[in-house]
Amino acid sequence: MNVKLDQPLGRVAYINAHLIDPASGLDAEGGLLTDGEVIADFGPGLFADSVPEDAKVIDCHGHVLAPGLVDMRVQLSGSDFTSSGRAAVAGGVTSAVCLPGTDPVIDDSSVVEFIARAARKAGLVKVYPYGAITKGMAGLEISEMGLLAEAGAVAFADGIATVRDAQTLRQVLSYAATFGLMVVEHAEDPSLAEGGAMNEGETATRLGLPGIPKLAEVLIVERDLKIAELTGGRLHFAHVSTAESVAAIRQAKEHGMSVTCDTAPPYFSLNEAAVGDYRTFAKLSPPLRSEADRGAIIAAIKDGTIDVIASDHCPQHEDAKRQPFAQAATGGVGMETLLAITLELVHNGHLSLIEALGLITAHPAELLGLEAGRFKKGAAADLVLLNPDQGWKVDADQLNSKAKNTPFDERPVQGRVLRTVIDGRTVFDLKT
Amino acid sequence: MNDGTLNVSVFPHRHLLGIEGLSPVAISLLLERAASFVELNRRHDNKLATLAGRTVMNLFFEDSTRTRTSFELAAKRLSADVINMTVSTSSIKKGETVVDTAMTLNAMHPDVLVVRHADAGAVQLLAEKVNCAVVNAGDGRHEHPTQALLDALTIQRRKGKIQGLQVAICGDIAHSRVARSNIHLLNAMGARVRLIAPKTLIPAGIERLGVEVYHEMEAGLRDCDIVMMLRLQSERMQGNFFPSTREYYRFFGLDYAKLASAKPDALIMHPGPMNRGVEIASDVADDIGRSAIREQVEMGVAVRMACLEVLCAKLDEEAGQ
């Protein structure tokens, strides 16, 4: 849909809403009033007597009104964010944090500004950039972290690469600690993972595919925890996928370390069997693991070891996926299915609705220090209206993103985004 | 030979992509048809008209002389027109994908495509995009079904059965499509399978395929009826799987000393081409009394004739419906 930025917004009253704000614990019937681009008021009693006369009324019909989703790990290809932006808002995502593997790489403060401009031009999701940990994400020289942070980089990541050299990582974490910056690691030992196409084990052996052992992730998690302990650096692990990784992180947290981690929907809703007969849409990085790992990831989400769920959105061109499995590109699009797959944890009885929403709103916002992911008077009106029970079927061809590489194609899911609001403007409406 | 009563209802497949998923009855059908071609192939007037008017394309993305020649001969014995395409790796590098190549060839209306590719799953990917029948002539380290069938035919002729035999598959299991296809076939037909290799060449989770794993030749070969040696796939190896061929031969190369723990009448097999003095001693390989290596090559043609015959009969059946 077209968004008219110059249109005066005025006041909008969201009535008959089921307000859920995980940051404050609010979970009640009520209303929310936006004035221009910000939230003017909200609460259980609001509009109980009357609705302001000048306000446009949106009747929520008892559906859930929550802060817009904050997706802390997406890959954006090229510099046109329109396609990804459409995918984001269709998925209820109002803030997305993009990896620095854009073209050009976000390893210079001018690029941070370039990315912000490109996102503003698309006028959809708000995009916050990660800065590269090392120049060109080459794993050798530390990037200008201080300048990048000043320009707006919210944290640091080397995209889908692991900082290979232990000494480099030690210096990175020490230097980042100087400024209190967070380093986000993709934990995968490059030499153990080299040439691998899927999780090592019976399925890979049966299919004749070279495997990536779980050890590749576990080894780096354990190494990085030791280095973080030594340096006092702020460390976050992206998309953890194995039982042993979450066990190590759980133990570090118990010892009081300020380490955090996220996982992505495929790792708690799919296992390596999804590769089936060489389905390249199920080729992800890290690879889909065993059923036992999937169970351990769910347990770690429940007990708080895993802090955040991020989509790990990774658009790939059809040609890059229509290849023999070992040659095919890794990654799956995920922003449009982030909510529905996360809500499987609710429908399967693992989490309450407010807990699940916290993992995709308040938690990531808090980790990254973003002014987002919560209801706050005077703050940007970034909202999502959703029906957690509405069933639908994921259909790759019907996705809003240009890339269709979802690992969830044809999966029946429950939980639909009805409307997405950014800065007070409706940027997605399921009915239109 | 082909009296027109070939019953292919027990073979409910359009393609032959692997042994995994084939029923014992379907395997038996292929072996019975192949057995019937063996004597014929030894005659000089050995041509049948079964596939007259059919076109078989050999599409090899990986170099192979032996397998391609065997398929070519099999198709010609059945009077099919045969086209050989060796897709130079350069056209793939130019950006043409497996799928593009498949679409191009499909437009020429072949009846059967025989495909070899260096990547596991590539033949299946190709099969999904074409209208003809597809035979997997080897995809990466996944499967090589006609090799397992010709091994089975060789065993059946020498031992009179497969059921109940103790078979040892030795060597580079990790990189071997031959091993995977043989494991599936031998298990389906009731043999017991052992694998013998250094730990670096045993892929994770393989015991779940129904095999016993050994790391020592004498123990692994004890009382075996069949000893299948595999070729070391040096071209598919990245990294250190063993320190030297000299050391490999010392511990895992088949010589008479190691063979002594197998049954006295144990049959020695090898899919070829052999690395003499690496995985097998020359005198063992050339032992006419013990080695079935040359017979395996002969059975290869008969088995491939059977596969082409059955797949084309399926095409007839489809056209008739």
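The chains referred to below are lettered A, B, ... by the order of the sequence lines, with proteins before strands, and numbering in each begins at 1. Quick caveat, the model's predicted, so the values are computed rather than measured.
One finds the CZ atom of A:R322 at 6.5 Å from the CG atom of B:D100 (value rounded to the nearest 0.5 Å).
Contacts with chain B were tallied for A:E202, A:Q323, A:E200, A:Q327; A:E202 has the most, counting heavy-atom pairs under 4.5 Å. Ranked by heavy-atom pairs under 4.5 Å with chain A, the list B:K129, B:R141, B:H142 is led by B:H142. Of the listed residues A:A326, A:G201, A:S191, the one with more heavy-atom pairs under 4.5 angstrom with chain B than any other is A:G201. By number of non-hydrogen pairs under 4.5 angstrom with chain B, the leading residue of A:L209, A:T203, A:L207 is A:L207.
Within residues 197-209 of chain B, the residues having any heavy atom closer than 4.5 Å to a heavy atom of chain A are B:P203, B:A204, B:G205, B:I206, B:R208, B:L209, listed by residue number. Contact residues of residues 264-287 of chain A toward chain B are A:D277, A:Y278 (heavy-atom distance under 4.5 Å).
For A:K214, the side-chain contact (heavy atoms from CB on, under 4.5 Å) partners at least two apart in sequence or on another chain are A:N199, A:T242, A:E244, A:R289, A:D293. Scored by the side-chain contact (heavy atoms from CB on, under 4.5 Å) test, B:R192 finds B:Q166 as partners (sequence neighbours excluded).
At most 12 heavy atoms of other shown residues, nucleotides or ligands fall within 6.0 angstrom of atom CD in A:E194. Heavy-atom neighbours of B:D63 CG from other residues, nucleotides or ligands within 6.0 Å: at or below the threshold of 12. Taking a 6.0 Å sphere around CG of B:L232, one finds it holds more than 12 heavy atoms contributed by other residues, nucleotides or ligands.
Scanning all heavy atoms of the two residues, the minimum distance from A:P324 to B:L125 falls at N-CD2, 3.6 Å. Looking at every heavy atom in both residues, B:A120 comes nearest to A:G208 through CB-O, 3.4 Å.
Neither the backbone nor the side chain of B:H175 comes within less than 4.5 Å of any heavy atom in chain A. For a residue to count as touching a neighbouring chain, one of its non-hydrogen atoms must lie under 4.5 Å from one of that chain's; by this rule A:P213 does not touch chain B.
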